[in-house]
Number of protein chains: 2
Amino acid sequence: MRALSLLPVKILGTGIALPSNIVTTAAIKTRAFQDRAVDDLFSRTGIRTRRWADQDADHAAFARDALRAAARDAEIPLTAIGRIIFVNSTGGDALVPATVNCVIEGLGLDGVCDGFDLNNACMGFLSGLDVASRCVATGSRPVAVVAVELLSRHIDETNRRSFAVLGDAAAAAIVGPARGDAGIVSSWFGNRGSYRTSVTLAHTKAGEARETIQFAHSNRAITEEALGAISTSVEEVLRRAGLTRDEIAWYVIHQPNGSMFRKVLRAVKIPPEKTTPLVEELGSVGAASTAVGLHRVLRPGRARAGDHVLLAGVGSGMAYGALIYRVER
Amino acid sequence: MRALSLLPVKILGTGIALPSNIVTTAAIKTRAFQDRAVDDLFSRTGIRTRRWADQDADHAAFARDALRAAARDAEIPLTAIGRIIFVNSTGGDALVPATVNCVIEGLGLDGVCDGFDLNNACMGFLSGLDVASRCVATGSRPVAVVAVELLSRHIDETNRRSFAVLGDAAAAAIVGPARGDAGIVSSWFGNRGSYRTSVTLAHTKAGEARETIQFAHSNRAITEEALGAISTSVEEVLRRAGLTRDEIAWYVIHQPNGSMFRKVLRAVKIPPEKTTPLVEELGSVGAASTAVGLHRVLRPGRARAGDHVLLAGVGSGMAYGALIYRVER
């Protein structure tokens, strides 16, 4: 997917919804890592706290809360939204119908907007943002992208890594038309199925087993491939935008864990002060990571008129990509 | 989602992939309806045969076969595809990563194109076609939409309706740029979550039970609502396109069963000779229904240069909508 021309869109507003229950790494140690020191766990994961929703919480409820917050931020009524893209990696609340229907009904938007569910693992929010921008650029009414990941319910109690890193979060962005030179300056995405076994969640249609997220044994080759994929994504969007690294004011980088985040910053040569760290506070939250990051960058006092924001990620698939958004002047 | 301006795209090619195993309604009678005559079963469902894939067949393999056929039809190499949208209602082959990755790898397109999974129940293919067209209209390389539904594995043996109607099928379309006045003339989509309990497939994350498709008890109010939704969709796309019913050469209508198909033709006043019946042969194939229908309409000897093709559907969600495609002159 290559696009050279500007998509004249504006992120009208963003919002987040986080579970209230905060789980500390000390609590994780007590439950599953009694042989480890808390400091050791923190240094290995880069995570101090994460949020865990109730095991039976609805994805749709978190989506609605994040969308309401985004509409308030945008100062538009929810009825201004023409399409909702519900992004999730784990099958949502039901397989049929798409979870977006429950989101739409709960917001009072039955018959007012359409929607669908989109899954591209940790890259889902960026894929959704690209699609939303292309819809708006071709005349659609504002399109909302909402990423909801409730990963804590898929923790494998026999695989401690999932205990240590997974968290729950939701965040939304509403994309509308822009004037002038604001918009998506460039985007670049890719998938490589040959690396699809690094992080998996089986679909146990037959109900033989509880569905849990599995991490392949740490594999230097896969880590190198992931770093290469995100570096290439950043270079490609910069080249296509005709921008240099220094001309980017903010980098919103997917943060599956603290160690990978640090490696990416080093590999891509991103100054830490241009990023919005969130993995230490929220843990690994799948597609919601870049959505929360975008929300934080667009807060008052941070991104300013004309700033370039580069969003980039890599996730299970392997899926990877980046886009550059220029804030309206 | 309202769009008034033409999206200048061309459906470069289409293809289908069907399981080889044909199951007759006589065989269905023997297995589950020994108290009914075959003719009675046929008159209630409008289905004479359906295809059932092996229970452990991969969605990705069917997607690859349909995409290869579509690329041959388009006379383009697979490497010309810039994005693949994998459409499915039942969670694909895995939840993480997105099933599209396995499709991309199997086609030798690792690093060549990107992709994601999209779910909007029976409306997924039309949602995907809309998104693909908007991607191409904003400068993307050709985008392929492939719908794969292997519904037979979700048959509930205690709910005979699923035995009688569900079938398996896959079909793909590749969308590329067009010149002149060809393209998507208009599109209109909606979702109504308040009707989301008519057809359901639970997501049994916890593995308590086998996941089976459930039909709510037949409910005249829901049938009326579905007919109303599809009628409104057809009227809205015609109005937005400035076309009359008579100016449509072909109608590709979602066919969940023979009775609903006949009711839609009556409600929307569509002459049967302008349609491509397929439910009698294939059964209820979810999002693959409109994809197979489009493939059949675009065969040599059917749709001609300049013809308007109206695609419309309604499905669980309730999701509904329509779009009008003008064949390149």
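Everything numeric here is computed off the predicted structure, so don't read it as measured data.
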| field | Partner chain B: residue of A:Ser194, A:Ser127, A:Ala98, A:Ala229 with the largest heavy-atom pair count (under 4.5 Å) | value | A:Ser194
| task | Let me know if B:Met318 has heavy atoms under 4.5 Å from chain A in its side chain, its backbone, both or neither. | result | backbone
| task | Starting at CG of A:Leu118, measure out to CD1 of B:Ile85 and round the result to the nearest 0.5 Å. | result | 8.5 Å
| Is B:Asn191 reaching over with its side chain to a backbone N or O of A:Ile104, donor-acceptor style, under 3.5 angstrom? | no
| request: Please determine which of A:Val143, A:Val136, A:Thr138 meets the side chain to side chain contact (heavy atoms under 4.5 Å, CB included) test together with B:Arg134. | output: A:Thr138
| said: Within the 4.5 Å heavy-atom criterion, are B:Asn119 and A:Asn119 side-chain neighbours or not? | reply: no
| Engaged part of B:Val103 at the chain A interface, taking heavy atoms whose separation is under 4.5 Å | neither
| query | So what's closer than 4.5 Å to chain B heavy atoms on A:Ser89: side chain, backbone, both or neither? | reply | both
| query | For the candidates A:Ala60, A:Ala137, A:Gly115, which exhibits the highest count of non-hydrogen atom pairs separated by less than 4.5 Å from chain B? | reply | A:Gly115
| Check: A:Arg196 main-chain N/O paired with B:Asn101 side-chain donor or acceptor under 3.5 Å | no
| Sub-4.5 Å side-chain heavy-atom contact between A:Val131 and B:Arg83 | yes
| query | Between B:Gly321, B:Ala319, B:Gly190, B:Ala121, which shows the greatest number of heavy-atom pairs under 4.5 Å with chain A? | reply | B:Gly190
| message | If I take atom CG from residue A:Asn120 and atom CZ from residue B:Phe116, how far apart are they, to the nearest 0.5 angstrom? | response | 8.0 Å
| task | Over all heavy atoms of both residues, which pair between B:Pro97 and A:Thr200 is shortest? Give the atoms and the distance, please. | result | CD-CG2, 4.3 Å
| task | Would you mind checking which part of A:Tyr320 comes under 4.5 Å of any heavy atom in chain B, side chain (CB onward), backbone (N, CA, C, O), both or neither? | result | side chain
| At what distance, to the nearest 0.5 angstrom, does CG of A:Asp117 lie from CG of B:Asn88? | 11.5 Å
